[in-house]
Amino acid sequence: MNRLIEESRITFYKDKSVITKSDFLAIEAPLELEIRYWDHARPIKKDLVLLMRSPGSDEDLVRGFLLSEGIINKGEDIDRIQLVDNRHRSEEKADKAVVFIKKDIQIDSEKLNRNFISSSSCGFCGKDNMESLNESCFILPKGGFQLHAELILQLKEKLNKAQEAFDQTGGVHGVGVLDSKGEIEYLMEDVGRHNALDKVIGLIAKQSPPPYFSKGLLFSGRTSYEMVHKALMLGFPFIVSIGAPTSLAVQFADENDMTLICFLKENRMNIYSGEQRIVF
């Protein structure tokens, strides 16, 4: 059984008939995040956030969360991540992640003092204002990543085939990292859109540090401002989404010269900004 899924018995009603059958649910569970770092020679311990997520790939989720929130600059800033079960002290069913930052890395304590409250549908919680949201973003190069329009139109089918948990539950989001040939290099699923993005960021960060100017992102659902901002924080210039964008997502992408494509279907797409990266 997929770790993102659990089986449940349900009562099913159709055409005036009632039967008992199996159903599959997307698992949602809390993960406490504690960070330990050094303020000069003084060790600091801080409870940071409670993440509601799909269990599994927790180290990638934590690494990606800290990167996309601008708390660390690269994955190598982390010395180690310890996953524990508060009740049974087991990593198998971890409900807490303790992140140990390397002693020579200075953490901006102001970024840790926001009131982080994260749900599986929530992105940039706890930010004070729009100005603080726009800090630490990369400036995208003019050239670089491009995709042919016909390759873009094939991405919905590729994502459908790659999303195993969604195929069984219909209850998880998927985020993929695209290469310049339109192939999905990495894919993560989670009950939270932002968690899926953070997980895939954490995964790719193990291979190479940001910025990711030569990569694109593929979203299975709606594209909000928070998702576009997280992408730019890591230097992704290109976003394709199956769902709709919000007005602020479009505005932010356009202002920062990002390519944003939404409402992707087998034969059409809406291009909101960054048309120069699409080969027609």
Quick one: are [X] and [Y] in side-chain contact, heavy atoms under 4.5 Å?
{"X": "R222", "Y": "T246", "value": "yes"}
{"X": "K156", "Y": "E266", "value": "yes"}
{"X": "E32", "Y": "V84", "value": "no"}
{"X": "S68", "Y": "L234", "value": "yes"}
{"X": "M227", "Y": "S241", "value": "no"}
{"X": "L197", "Y": "F219", "value": "yes"}
{"X": "I107", "Y": "I72", "value": "yes"}
{"X": "R53", "Y": "D58", "value": "yes"}

- V175/M188 under side-chain contact (heavy atoms from CB on, under 4.5 Å): CA gap, chis, key distance, verdict: CA-CA 6 Å; V175 174; M188 284 291 186; 5.7 Å; no
- Honestly, is R80 close enough over F100, meaning NZ or CZ under 6.0 Å from the six-membered ring centre and within 45° of the axis?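 Pair R80/F100 counts as cation-pi.
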- Message: side-chain contact (heavy atoms from CB on, under 4.5 Å), that's the test. Do D257 and Q276 meet it? Break it down for me.
- Response: CA-CA 10 Å; D257 197 33; Q276 73 276 9; 3.0 Å; yes
Under a single-linkage definition using a 4.5 Å side-chain heavy-atom cutoff for Ile, Leu, Val, Met, Phe, Trp and Tyr, are [X] and [Y] assigned to the same hydrophobic cluster?
{"X": "M269", "Y": "V250", "result": "no"}
{"X": "I204", "Y": "F238", "result": "no"}
{"X": "V62", "Y": "I44", "result": "yes"}
{"X": "I201", "Y": "L218", "result": "no"}
{"X": "M258", "Y": "L264", "result": "no"}

In Å and rounded to the nearest 0.5 Å, what is the [atom1] to [atom2] distance from [X] to [Y]?
{"X": "D190", "Y": "M52", "atom1": "CG", "atom2": "CE", "result": "10.5 Å"}
{"X": "I152", "Y": "Q146", "atom1": "CD1", "atom2": "CD", "result": "10.0 Å"}
{"X": "H173", "Y": "N195", "atom1": "NE2", "atom2": "CG", "result": "9.5 Å"}
{"X": "L67", "Y": "D60", "atom1": "CG", "atom2": "CG", "result": "11.0 Å"}
{"X": "K161", "Y": "I184", "atom1": "NZ", "atom2": "CD1", "result": "10.5 Å"}
{"X": "N270", "Y": "I261", "atom1": "CG", "atom2": "CD1", "result": "10.0 Å"}

- Query: Aromatic rings Y225 and F252: how do their planes relate, parallel, tilted or perpendicular, breaks at 30° and 60°?
  - Reply: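 Answer is perpendicular, since the angle exceeds 60°.
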Looking only at heavy atoms, which two atoms of [X] and [Y] are closest? And how far apart?
{"X": "L50", "Y": "P30", "value": "CD1-CB, 3.8 Å"}
{"X": "I81", "Y": "A97", "value": "CG2-CB, 4.4 Å"}
{"X": "Q154", "Y": "E150", "value": "CG-O, 3.3 Å"}
{"X": "F263", "Y": "A244", "value": "CZ-CB, 3.2 Å"}
{"X": "I239", "Y": "A231", "value": "CD1-CB, 3.8 Å"}
{"X": "S54", "Y": "V172", "value": "OG-CG1, 4.4 Å"}

Between [Y] and [X], is the closest basic N to carboxylate O distance under 4.0 Å?
{"X": "K215", "Y": "E185", "result": "yes"}
{"X": "K230", "Y": "E226", "result": "no"}
{"X": "E183", "Y": "K158", "result": "yes"}

- Query: Taking atom CD of E255 as the centre, does the number of heavy atoms from other residues, nucleotides or ligands within less than 6.0 Å exceed 12?
  - Reply: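 Yes, enclosed.
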- Task: Could you walk me through whether L48 and L66 pass side-chain contact (heavy atoms from CB on, under 4.5 Å), step by step?
- Result: CA-CA 10 Å; L48 191 60; L66 295 178; 3.9 Å; yes
- Item | Backbone N/O of S109 and side chain of K46: donor-acceptor pair under 3.5 Å |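 No; zero donor-acceptor contacts below 3.5 Å.
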- Message: Test your reading of the model: is there a side-chain donor-acceptor pair from K102 to the backbone of E76, 3.5 Å cut-off?
- Response: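 At least one qualifying donor-acceptor pair exists.
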- Under the side chain to side chain donor-acceptor pair (under 3.5 Å) test, residues paired with D79 that sit two or more places apart: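 Per chain and number, D79 pairs via side chain to side chain donor-acceptor pair (under 3.5 Å) with no residue.
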- Item | Verdict with supporting geometry, S220 and L159, side-chain contact (heavy atoms from CB on, under 4.5 Å) | CA-CA 8 Å; S220 67; L159 183 62; 3.8 Å; yes
